[in-house]
Amino acid sequence: MRDGAESFALADRTFFDWPGNWDLEATRFPAPPLPDGWRREDNEAWTFCRPPEDRLPDQGWKIHVSAAPDDAARTLADVARYCTRHGIAFKYLKSANVLRALSRKYAQRSSAGKLLTVYPVDDAEFARTLEGLDALVGGRPGPYVLTDLRFGQGPLHVRYGGFRTHYTEDTDGELVTALHRPDGTPEPDRRTPVFHTPDWVGLPDVLKDSLAARQAVDDFPYRITGALQFSHGGGVYRAVPTGTDALGAGEAGVVLKEGRPYSGTDGTGRDAVSRIAHEHRMLRRLAGMPGIPRTFGTFQVRDHLFLVLEDIAGQDFQTWLAAHHPLTVPDPDEQAVARYRDRALALFGRIEALVATVHGRGIRIGDLHPGNLIIRPGDVPVLIDFEVADELDRATPSSLGAPGFHRADATGADGDHYALAAIGLWLFLPLAALGGLAPDKAPALLAAAAERFGLPDALVARLAPQLAPNDNTTATLRSSPGTFPPTDVLVSLARGLRDSATPHRTDRLYPGGFEQFVEGGAGFGHGAAGVLWARHTALGERDEEGVAWLRAAVDRVPAERIGFYDGLHGMAYVLRQLGDDEAALRALDRAADKLSVRRCPSLYRGLSGVGLNLLHFADALDSADLRRQALGLADRVTERLTAARTEPVERRRRRGSKDAAGLMYGWSGAALFLLAAHRATGDPALLDEAVHAVHRDLDRCAPGPQHTLQVDEGFRLLPYLDNGSAGIALVAAELLRVRDDDRIRAALPALLRACAADFVIESGLLGGRAGLLATLAVLRDRVPLSPDAGERPDGPALSGAAVDRYLRRHLTRLGQHAMTWHGATVFPCDGRARISMGLADGGAGVLLALSATERGTPLLPFLTDSRLAAAVHPAAPGRAGGAHRAAIPTAPSGAAGTAHRGREVSSDDHHGPAGPGGAGRA
């Protein structure tokens, strides 16, 4: 899961949801009494209390109050009483469960630990309030708020920040909350887990002693050489002892594991300090065992506890698997598959023996999963992280666990046995996390792994009972039965989308991935607009209730969120597609004033997506003004591209900046916009710039195995639709229809071959298997292919037979991800942790990919329609009705898709081949 997502996985076992919805009424804090005239308002996590007179400035010094869970209600009552007596606005977390969610080990570090926020109106009131509250609650227990400066002994913490919500763009093109400098210039309101004061803000006198205490140099007997991990509970660091008195002195290096008080709590409420001390006791009991790191003891700095460990030379288990797994290529070598099977079986046997030895010492591990194993040279496993280890016969479940490797009701050694079986599955098919969603998924995956790798019957017979779901399971998700895709998969996917809708909620219409809580629930990529468009495009459905919800959302979305995939322009596009021109134009009007402040060139959230949509509306409305706006954005994108071309290529993970690559965040999305602008104007200079943009993305690519070409992020290669080679391939093929270019033409087959990997860890459209499937299908008849005869799997050419084989395999393998929810087909997202209905990462995106593959319906806006592409590049003789198209039967007569298939699709519906004044789409 992404950082912070754990807090959103507590309220619902099937979908991500706000922590505020986690048993809210049962755990709601008593509402503090408010004087007459005060207002009380709730949002998803907080309750705001405001005095009758609104005196708040836009920004200033704010006070955060933390509290230990057992003391939260008392601290809330005392602080609220002080604020109401002095007429100071404040907010507080709605419930004890929200506080627990935001205190968990993997809670978002920038927001964790806060119980209340107090808003003094000026520096004088800030100083009075801080001293008054310190006299009232100072010294009470509470976690450190990492973004802040702690006042005195806590639990009061302060930072300079925004009181009212304004937005600006950061260096990566992300929309973030903003402060304003004295001259009115916006800048990001930095919420990194380090105290920071803007350079134009002076430190109040009342804070000087606290700052001096923070900056005081502690006697820390280590030099930190690197960070291995951060969590709300503390960091894990590599370090070198600097003195003879340091624990581990004489070692070339050690690992320091930090525990912060009242932070990083587990399911039983234990904080990180308690778990670090407990881990030290467990490691002492295991001392001397092979495969267990040595511990040199613990030491305390201020109130943080550090455990000093042996630095294990080796790879983390996930890196080992990525380096050696044989199915990450288009055409796995069967001898390599057999060699990997034998090597993995030997390694698994060593892990089993290591776990048995730990059990022999009377200890259960409790949190056994691949992230807690290091593989030494020679494939020797080492177990790390004994924070929740306990007595082997403990009759309660473990308090922490990774999805798919943790059975919530398992006691004693049973939890370790389940986790061990899940690791055995994960070694061959790294989708074991899906078993945490659908309990019967793991046995189905084990059967698939056994067939693909020829696993020994004895091993399968041993693992299968451990992975089998309990008879009393109440999970609403089930493994998708039978072969995939089933005959009615499109109708079943659409039913899941319809049945999951929550039109009574204003924060979202459909449950989606964690990104939905960052962008809001209305956008094209992760919100309602994308799902409504997918239903309309794939099956001809127009949901009146959904249209009404999206129409109302136009006025709720921040006007600064103007992007196509994350904001108002995507909403406007969909509203027009669904026949609500009035609401669509209102969305465009709300976004118009914010165009001048956006700099990000990306398709996803920046100028290119907005520009494509303006060209679309200019063509539809015959609006010279909208066309002029769009072409002005083309000039700005060209300026950004020109500047980027003078700088060296940086192969790192960036989303939206000049260093990003791919369709959604890189220069290929800009190339698509510049190509559309060229078609609208005939200006050859714009076409030249589109070519340069694709070249810039190709500069970010590196050769991969089996003659693939993929985006290089410095530590991994990416084939995906959003920020990988698939998205570049779609735009490259589009560009070659207009301008031949030797470099792009030569790269296209290798980009396309990268879409054919046997194993893909995610299922979604933008970052998973569905996008690779759809890219192969859309470009099947548009990339020069070699004759079928004599094709070598490891050669640079592609044959039509090979592409069809890859398509069939993707279709079948989608079943590894598929589940059923109340009988409807659904798909997971975000590390396979929860189900999403979204276009980017969930069911709506898979629906689009399957429909584009089977029926040639549009894949995404502004790409040429795939049916029209086939007419330009005719299929080879005998190609019509190829095997992969037969794999997904059309919906039965009378089903949701009938109306769409039974009518002629007009150019107004799908915007046809791009001509003067507009761009097409696929």
With Ala634 via side chain to side chain contact (heavy atoms under 4.5 Å, CB included) - residues at least two apart: Phe673, Leu674, Ala677, Leu686
Atom pair CZ (Arg716) and OG1 (Thr328), whose distance is rounded to the nearest 0.5 Å: 14.0 Å
Minimum side-chain heavy-atom gap Ser851-Thr537 below 4.5 Å: no
Test ring-ring contact (aromatic ring centres under 6.0 Å, His included) applied to Tyr720 - qualifying residues, sequence neighbours left out: none
Phe8/Phe514 aromatic ring centres below 6.0 Å: yes
Heavy-atom check, side chain of Arg605 versus side chain of Leu175, under 4.5 Å: no
Validation row: Leu493, Leu850 side chains within 4.5 angstrom (heavy atoms): yes
Heavy-atom side-chain proximity of Tyr806 to Asp331 below 4.5 angstrom: yes
For residues 758-766, run the donor-acceptor check on the side chains, cut-off 3.5 Å, and write out each pair with its distance to 0.1 Å, sequence neighbours left out.
residue, atom, partner, partner atom, Å
Asp758, OD1, Arg813, NE, 3.3
Asp758, OD1, Arg813, NH2, 3.3
Asp758, OD2, Arg813, NH2, 3.4
Glu762, OE2, Gly831, N, 3.1
Glu762, OE2, Arg832, NH1, 2.9

Set of residues satisfying side chain to side chain donor-acceptor pair (under 3.5 Å) with respect to Tyr510, sequence neighbours excluded: Arg535
Donor-acceptor under 3.5 Å (Gln516 side chain, Arg508 main chain): no
Those residues that, when tested against Arg190, pass salt bridge (charged side-chain N to carboxylate O under 4.0 Å, His left out) (two or more places apart): none
Electrostatic pair Asp841-Arg834, nearest N-O below 4.0 angstrom: no
Plane angle bin for Phe524 and Phe564 - parallel if under 30°, tilted between 30 and 60°, otherwise perpendicular: tilted
Backbone N/O of Val711 and side chain of Ser725: donor-acceptor pair under 3.5 Å: no
Smallest separation among heavy atoms of Ile728 and Ser668, with atom names: CG1-OG, 3.4 Å
Closest heavy-atom pair and its distance - Leu847, Ala534: CD2-O, 3.9 Å
For Asp17, all residues meeting salt bridge (charged side-chain N to carboxylate O under 4.0 Å, His left out), sequence neighbours excluded: Arg505
Expected output: side-chain Gln706 to main-chain Val329 donor-acceptor under 3.5 Å: no
Side chain to side chain contact (heavy atoms under 4.5 Å, CB included) partners for Ala702, two or more places apart: Arg651, Asp712, Leu717
Side chain Arg855, main chain Ala538, donor-acceptor under 3.5 Å: yes
Inter-residue atom distance Ile744.CD1 - His695.NE2, 0.5 Å rounding: 4.0 Å
Within-4.5 Å side-chain heavy-atom neighbours: Glu519 and Tyr565: no
Heavy-atom closest pair, residues Pro828 and His817: CD-O, 3.3 Å
Residues forming a side chain to side chain contact (heavy atoms under 4.5 Å, CB included) with Ala591, sequence neighbours excluded: Ile562, Leu568, His569
CA sep, side-chain torsions, deciding dist, call: Val610, Gln629, side-chain contact (heavy atoms from CB on, under 4.5 Å): CA-CA 10 Å; Val610 172; Gln629 290 181 43; over 6 Å; no
Candidate pair Asp722 and Tyr604, rule side-chain contact (heavy atoms from CB on, under 4.5 Å), full reasoning: CA-CA 9 Å; Asp722 57 356; Tyr604 190 91; over 6 Å; no
Donor-acceptor contact below 3.5 Å, side chain His810 vs main chain Cys755: yes
Contact check, side chains of Val738 and Arg679, non-hydrogen atoms, under 4.5 Å: yes
Pairing residues for Thr319 by the side chain to side chain donor-acceptor pair (under 3.5 Å) criterion, not counting sequence neighbours: Asp316
Leu860 side chain reached by Leu721 side chain, heavy atoms, under 4.5 Å: yes
Lys/Arg-Asp/Glu bridge criterion (N-O < 4.0 Å) met for Glu689, Arg645: yes
Closest heavy-atom pair and its distance - Gly371, Gln318: CA-NE2, 3.3 Å
Test ring-ring contact (aromatic ring centres under 6.0 Å, His included) applied to Phe827 - qualifying residues, sequence neighbours left out: none
Between OG on residue Ser602 and CG on residue Leu663, distance to nearest 0.5 Å: 10.0 Å
From CA spacing to verdict: side-chain contact (heavy atoms from CB on, under 4.5 Å), Glu713, Arg700: CA-CA 8 Å; Glu713 289 201 327; Arg700 278 290 311 275; 4.0 Å; yes
Exam field: side chain Arg743 to backbone Val694, donor-acceptor pair closer than 3.5 Å: no
Contact summary for Leu550 and Ala522, nearest pair of heavy atoms: CD1-O, 3.7 Å
Between CG on residue Leu675 and CD on residue Glu734, distance to nearest 0.5 Å: 6.0 Å
Check against salt bridge (Lys or Arg N to Asp or Glu O under 4.0 Å), Arg745 and Asp742: CA-CA 5 Å; Arg745 179 167 25 85; Asp742 290 344; 2.5 Å; yes
Separation between CG of Leu751 and OG1 of Thr775, rounded to the nearest 0.5 Å: 10.5 Å
Arg696 (side chain) donor-acceptor with Ala644 (main chain) under 3.5 angstrom: yes
Side chain to side chain donor-acceptor pair (under 3.5 Å) involving Arg599 - partner list, sequence neighbours excluded: none
Spacing of Leu735 atom CG and Leu672 atom CG [to the nearest 0.5 Å]: 9.5 Å
All side chain to side chain contact (heavy atoms under 4.5 Å, CB included) counterparts of Asp170, not counting sequence neighbours: Asp172, Glu174, Val176, Pro188
Contact check, side chains of Arg561 and Asp566, non-hydrogen atoms, under 4.5 Å: yes
Whether Phe317 and Trp426 hold their rings parallel, tilted or perpendicular, with breakpoints at 30° and 60°: perpendicular
Heavy-atom pair with the smallest gap, counting every atom of Tyr167 and Thr177: CD2-N, 4.2 Å
